[in-house]
Amino acid sequence: VLPLRADTHADNKVMQHLLEKNGFVRCGNITLADGTYQLYTCSLKDRTDGKTETLALHQTEDTRETQKLPAFAYTGNDKIMKTLCDYMCSQDYGYSGEVYIPAPVVYKTVEEDDSVVVFANLWSFTYNPNGNTLDCEGGGEQPSRLKLKPDKKGGYTVQEHLEAGDGAEYQKDIEAFCNGYPVSVSKFTEEGKNYEKIRKELVKMYVDDHGLDFKYYKDYGWDPVSL
């Protein structure tokens with residue numbers, strides 16, 4: 001019969017007392033960045049037999065390396081979305097977090113000679129694992145106009161990328177790179193935050209592609225979003 005196992009924080013004396021009162025025996029520690037968790041085990045067959053199993057809890061640098069999350073890669077059939085995701089994943093946006101998952105929101109595509117001009121807000125998010133949840137560590141937006149050129153593999157490469165600056169330049173830059181094209185500036189200023197649909201699709205794609213056990217993603221201070 002498999003034993004029951006439990007863990008609690010080293011400072012949680014009430015939970016430690018309840019575990020020991022109900023037949024659990026402390027068998028080790030998990031050392032985390034913010035403190036130490038106490039591990040307990042209890043036999044389901046006989047809670048009073050005092051038998052415990054020593055767990056292999058020590059986590060070496062090699063072990064942590066193998067537990068890192070795999071990188072995101074777009075695996076859908078949309079060639080423009082794949083180009084944008086690949087391009088974003090190749091950039092260094094300076095966000096901390098264990099895995100980077102882009103969420104580009106495309107507002108308009110315009111064919112121009114042998115190129116495709118794409119108007120999009122390139123949303124970026126990084127995540128850290130937390131049980132069955134991907135906790136968002138950081139992110140941001142990048143209103144953009146990109147020119148894509150066909151490549152020899154049947155896809156596209158990014159030939160040109162214009163992006164909006166910060167502060168007072170934000171609105172001016174969007175108006176400038178939209179000028180002369182059939183796209184409304186309001187797509188960025190009014191609808192720029194509407195990224196959740198594509199964000200959820202790409203997080204789910206990542207989880208499904210790698211067979212991961214995550215059921216939710218979560219922004220700090222907000223409820224988890226079910227996948």
Side-chain angles (χ1 to χ4, degrees), residues 5 7 28-37 39 55-106 118 120-144 146 148 150-159 161 163 193-227:
R5 293 170 182 169
D7 67 84
N29 299 326
I30 298 178
T31 301
L32 303 177
D34 61 348
T36 298
Y37 273 70
L39 289 194
L55 306 179
L57 302 174
H58 181 62
Q59 195 177 45
T60 64
E61 291 294 334
D62 290 340
T63 304
R64 282 193 288 271
E65 186 69 25
T66 61
Q67 291 177 340
K68 286 187 177 180
L69 293 177
F72 169 85
Y74 180 83
T75 56
N77 297 319
D78 188 317
K79 294 180 181 179
I80 289 179
M81 184 63 66
K82 175 173 173 54
T83 302
L84 296 180
C85 288
D86 289 352
Y87 174 75
M88 293 173 70
C89 288
S90 71
Q91 306 300 300
D92 182 8
Y93 293 105
Y95 299 122
S96 62
E98 193 161 325
V99 62
Y100 170 79
I101 304 178
V105 181
V106 176
V118 178
N121 204 341
L122 307 184
W123 283 91
S124 294
F125 299 95
T126 55
Y127 303 88
N128 286 325
N130 182 14
N132 65 356
T133 303
L134 284 170
D135 284 343
C136 184
E137 179 70 15
E141 62 174 327
Q142 191 179 44
S144 302
L146 305 99
L148 311 185
D151 60 23
K152 296 180 180 179
K153 299 179 181 179
Y156 297 97
T157 58
V158 176
Q159 185 183 48
H161 180 197
E163 61 185 274
K193 303 295 187 288
N194 296 340
Y195 53 76
E196 285 299 344
K197 182 177 182 292
I198 186 64
R199 181 186 184 186
K200 183 175 180 178
E201 289 177 0
L202 295 183
V203 172
K204 188 175 188 306
M205 175 186 291
Y206 170 75
V207 170
D208 291 346
D209 285 348
H210 295 286
L212 302 174
D213 294 329
F214 299 113
K215 305 298 182 186
Y216 309 91
Y217 67 86
K218 183 181 184 302
D219 291 330
Y220 181 78
W222 293 84
D223 292 334
V225 177
S226 175
L227 296 171

Ring pair (Phe, Tyr, Trp, His ring centres under 6.0 Å) filter on Tyr74, not counting sequence neighbours, yields none
With sequence neighbours excluded, tell me which residues meet ring pair (Phe, Tyr, Trp, His ring centres under 6.0 Å) with Tyr127.
none
Can you tell me how far apart CG (Asn130) and CG (Asp135) are? Round to the nearest 0.5 Å.
4.5 Å
Lys197: partners by side chain to side chain donor-acceptor pair (under 3.5 Å), with sequence neighbours left out
Glu201
The reported gap from CG in Leu202 to CZ in Phe125 (rounded to nearest 0.5 angstrom) is 10.5 Å
Within this structure, what is the CE-NZ distance for the pair Met205 and Lys200, rounded to the nearest 0.5 Å?
14.5 Å
Mind checking the CG-SG spacing from Asn128 to Cys136? Nearest 0.5 Å is all I need.
9.0 Å
Test of understanding: with side chain to side chain donor-acceptor pair (under 3.5 Å), list the residues that count as partners of Asp209, not counting sequence neighbours.
Thr75
Here the side chain to side chain donor-acceptor pair (under 3.5 Å) pairs for residues 217-227, sequence neighbours left out, are Glu196-Tyr217, Arg199-Asp219
Please examine the side chains of Asn132 and Asp213, heavy atoms only from C-beta on, and report whether any two atoms are closer than 4.5 Å.
no
For the student: nearest non-hydrogen atoms of Ser124 and Met88, plus distance:
OG-CE, 3.7 Å
Heavy-atom distance under 4.5 Å between the side chains of Pro104 and Ile80, does that happen here?
no
Can you check whether Asn121 reaches Tyr195 side chain to side chain, under 4.5 Å on heavy atoms?
no
Under the rule for side chain to side chain donor-acceptor pair (under 3.5 Å), what residues qualify as partners of Asp208, not counting sequence neighbours?
Lys204
Distance-only, no hydrogens or angles: does the Thr133 side chain make a donor-acceptor pair with backbone N or O of Tyr216 under 3.5 Å?
no
Salt bridge (charged side-chain N to carboxylate O under 4.0 Å, His left out) partners of residues 72-85, not counting sequence neighbours, each pair once:
Lys82-Asp86
Correct closest heavy-atom pair for Phe72 and Tyr100 would be CB-O, 3.3 Å
Under the side-chain contact (heavy atoms from CB on, under 4.5 Å) rule, what do Phe214 and Leu69 come out as? Steps first, then yes or no, please.
CA-CA 11 Å; Phe214 299 113; Leu69 293 177; 3.9 Å; yes
For Tyr156, what residues pass the side chain to side chain donor-acceptor pair (under 3.5 Å) criterion, not counting sequence neighbours?
none
Checking His161 now: which residues fulfil side chain to side chain contact (heavy atoms under 4.5 Å, CB included) with it, not counting sequence neighbours?
Tyr87, Leu122, Gln142, Ser144, Leu146, Val158, Glu163
